[in-house]
There are 2 protein chains.
Amino acid sequence: MKLSTAEENYLKAIFKISEKANKSASTNAIARHLSTSAASVTDMLKRLSEKGLINYEKYKGVTLKSAGIKQATQLIRKHRLWEVFLVKKLRFSWDQVHEIAEQLEHIESEELIMRLDAFLDYPKFDPHGDPIPNADGKFTIRSQTPLSDMHKGQQGMLVGVKDHTTEFLKYLNSLNVKLGTMISVIDSVPYDGSMNVNLDSKKEIMITSIVAQNLLIRIG
Amino acid sequence: MKLSTAEENYLKAIFKISEKANKSASTNAIARHLSTSAASVTDMLKRLSEKGLINYEKYKGVTLKSAGIKQATQLIRKHRLWEVFLVKKLRFSWDQVHEIAEQLEHIESEELIMRLDAFLDYPKFDPHGDPIPNADGKFTIRSQTPLSDMHKGQQGMLVGVKDHTTEFLKYLNSLNVKLGTMISVIDSVPYDGSMNVNLDSKKEIMITSIVAQNLLIRIG
DNA sequence: TAATATTTTTAGATCAATCTAAATATATAT
DNA sequence: ATATATATTTAGATTGATCTAAAAATATTA
């Protein structure tokens, strides 16, 4: 089934909201996510429901049907593969690729994505450490812990970031923190959750709780 | 100025029609080119005219203003760069890339095209031998002659094709004719314009006039 | 639980892009 | 040059995607 860009964006939004909250997505949540009005969302939900992509009952929120999940997953796959392309091949920095991938993900061609995947050597994670679903929609799972949950003395490698905003990523750039950076917890301040950490056994810095919450570490 | 995909497609159509015929594009010609109705074209021409992209007077056909030329040229640049990417990097064959590039050309990002151009090593021609305008919209000019205009004994290299349809390109594939193939005219039949030609000093084949008209040769 | 607040849907418009059918303008040919 | 054919535009609708304002349903709280 051929979907419009708008329809695809709704499916992706519903997928992400349901995934995060692990429940049905509300009209308002979708509207917020897509910066649109609740009324527009209701309209679109009716259309997506007609097309058999979502379970929608008035006032009850929505969940994706299997066809909808498939579409959403393929969009995420495409988005993340394009991000890898932009960073690895075109040498964009990880804070510059989201918007462009947001457009590229709507390009229609199975063959293109197959070949892109091969060209990039079947990457399993994107430049922000998010897993790239394979052609069947399967995500690679990896154990990871927010730095904020780690304790004094623990260490591990930065494998992902939760916040994808340019501002956050640029801040990490300024600290020279990137995927692969080894981080060990020197100590943490119970009062405000801020932490002193060591980077690659070289530099010691202090980070706030909010930053620590957005850094995903593979401990060990 | 940000344009819609539809607007961009009209500009490109007008550019191509004017270029080929070397005069203003008629409503019908545009409609034919875009497989739409003349009425739709008239509607769109009004809009493009309002935006200052074209010169439009009722019943007189249209020409592009400089802003329109700039937009159209950049679209062609993007289209052809993406075709190079698809063929050179993703190993698509030259008969498979048009439709995908047709979508990719609408991706908005100056930076992306700059980097793609560099990644591809600043190609001057696309996989069909069409010149790729540079960032300033300048096309590389190359002397080339339709094979149909060549005479017995003349020879040269295939540097481009006029017809970009899958069928034509697949036919060339079946003859093992590609860009770079050396072609020499053994003789031509005045009656129907068909020709006997030699390929890479190896194989001799007969081609019809229509095929010869679509093969562009750099003589010598 | 009754009042209030919040969320969601409906009603009614708008805009871009398209269509068909009808009207009008231009071109061609006898 | 007049009739006929062709090209183009206008009129009026339609569809998807959006909006605001108002109505209705659900949730929260005193």
Side-chain angles (χ1 to χ4, degrees), chain A residues 1-14 17-18 20-21 23-64 68 71-72 75 102-103 105-106 108, chain B residues 1-14 16-18 20-21 23-64 67-68 71-72 75 102-103 105-106 108:
Chain A
M1 182 177 0
K2 177 154 158 50
L3 301 179
S4 70
T5 296
E7 289 169 327
E8 290 189 335
N9 286 338
Y10 274 88
L11 290 178
K12 219 171 46 136
I14 296 165
I17 293 164
S18 320
K20 194 178 313 185
K23 60 168 172 52
S24 73
S26 72
T27 301
N28 262 357
I30 297 167
R32 225 175 299 123
H33 201 278
L34 296 175
S35 308
T36 186
S37 70
S40 303
V41 174
T42 301
D43 283 353
M44 181 59 92
L45 294 183
K46 287 178 188 163
R47 261 173 279 149
L48 293 175
S49 184
E50 300 254 305
K51 296 198 176 186
L53 296 162
I54 61 172
N55 299 110
Y56 172 55
E57 265 184 294
K58 277 202 221 174
Y59 297 103
K60 303 284 179 167
V62 279
T63 56
L64 294 175
Q71 293 272 0
L75 282 165
E102 205 69 14
Q103 298 179 61
E105 75 190 9
H106 298 292
E108 260 195 289
Chain B
M1 184 177 357
K2 177 154 157 51
L3 302 179
S4 71
T5 296
E7 290 170 326
E8 291 189 336
N9 286 338
Y10 273 88
L11 291 178
K12 219 172 45 138
I14 296 166
K16 292 199 167 168
I17 293 165
S18 321
K20 194 178 314 186
K23 59 169 177 48
S24 74
S26 73
T27 301
N28 262 357
I30 298 167
R32 226 176 297 122
H33 200 277
L34 296 175
S35 309
T36 185
S37 70
S40 304
V41 174
T42 301
D43 283 354
M44 182 58 94
L45 294 184
K46 287 179 189 162
R47 260 174 280 148
L48 292 175
S49 183
E50 300 254 306
K51 295 196 177 188
L53 296 162
I54 61 173
N55 298 110
Y56 173 54
E57 264 184 293
K58 276 202 218 176
Y59 297 103
K60 304 283 179 168
V62 278
T63 56
L64 294 175
Q71 294 272 359
L75 282 164
E102 205 68 16
Q103 298 178 62
E105 75 190 12
H106 299 292
E108 259 195 291

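Note that the coordinates shown come from a computational prediction; the quantities given were computed from them, not determined experimentally. Keep in mind that the numbers below use all heavy atoms, side chains included, and drop hydrogens, waters and symmetry copies. Letters go in sequence order (proteins before strands), and every chain restarts at 1.
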Atom-pair distance ([atom1] on [X]; [atom2] on [N]), nearest Å:
X: L34(B); N: dC19(C); atom1: CG; atom2: P; answer: 10 Å
X: K2(B); N: dA16(C); atom1: NZ; atom2: C1'; answer: 13 Å
X: E7(A); N: dG16(D); atom1: CD; atom2: P; answer: 9 Å
X: L45(A); N: dT7(C); atom1: CG; atom2: P; answer: 16 Å
X: E57(A); N: dT8(C); atom1: CD; atom2: P; answer: 14 Å
X: H106(A); N: dA17(D); atom1: NE2; atom2: C1'; answer: 15 Å

Looking at [X], does any N or O in its side chain come under 4.0 Å of the phosphate oxygens OP1/OP2 on [N]?
X: Y56(A); N: dT9(C); answer: yes
X: S4(B); N: dA17(C); answer: yes
X: K58(A); N: dT10(C); answer: yes
X: N28(B); N: dT6(D); answer: no
X: Y59(B); N: dA23(C); answer: no
X: R47(A); N: dG16(D); answer: no
X: T42(B); N: dT9(D); answer: yes

Go through [options] for me and flag the one nearest to the [X] side chain.
X: Y10(B); options: dC19(D), dT18(C), dC19(C); result: dT18(C)
X: T27(B); options: dT8(D), dA17(C), dT10(D); result: dT8(D)
X: A38(B); options: dA17(D), dA17(C), dT9(D); result: dT9(D)
X: S40(A); options: dA17(D), dC19(D), dT8(C); result: dC19(D)
X: T36(B); options: dA17(C), dC19(C), dA17(D); result: dC19(C)
X: S37(B); options: dT8(C), dC19(C), dA21(D); result: dC19(C)
X: M44(B); options: dT18(D), dT18(C), dT20(D); result: dT18(C)

Original post:
With a cut-off of 6.0 Å (strictly less than), are more than 12 heavy atoms of other residues, nucleotides or ligands near NZ of K51(A)?
Top reply: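 Enclosed.
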
Subject >> Pairwise 5' ranking along DNA chain D for R32(B) and D43(A), keeping only the more 5' one >> reply: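 Counting from the 5' end, the first nearest nucleotide belongs to R32(B).
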
**OP:** Please check if the side chain of E7(A) supplies one atom and the backbone of S4(A) the other of a donor-acceptor pair under 3.5 Å.
**Re:**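 Side chain of E7(A) to backbone of S4(A): a pair is present.
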
Original post:
Touch check for K60(B), heavy atoms < 4.0 angstrom, all strands: base, sugar-phosphate only, or nothing?
Top reply: nothing

Original post:
For the residue pair N55(A) and L64(A), what are the closest heavy atoms and their distance?
Top reply: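 Where N55(A) meets L64(A) most closely, the heavy atoms are OD1-O, 3.9 Å.
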
**OP:** Locate the shortest heavy-atom distance separating N28(B) from A38(B); write the atom from each residue and the value.
**Re:**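 For N28(B) and A38(B), the tightest heavy-atom pair comes out as OD1-CB, 3.8 Å.
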
Subject >> Heavy-atom side-chain proximity of S24(A) to V62(A) below 4.5 angstrom >> reply: no

Original post:
Should I54(A) and T63(A) count as side-chain neighbours, where that means a heavy-atom distance under 4.5 Å?
Top reply: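 The answer is no, as the side chains (C-beta and beyond) never meet within the 4.5 Å cut-off.
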
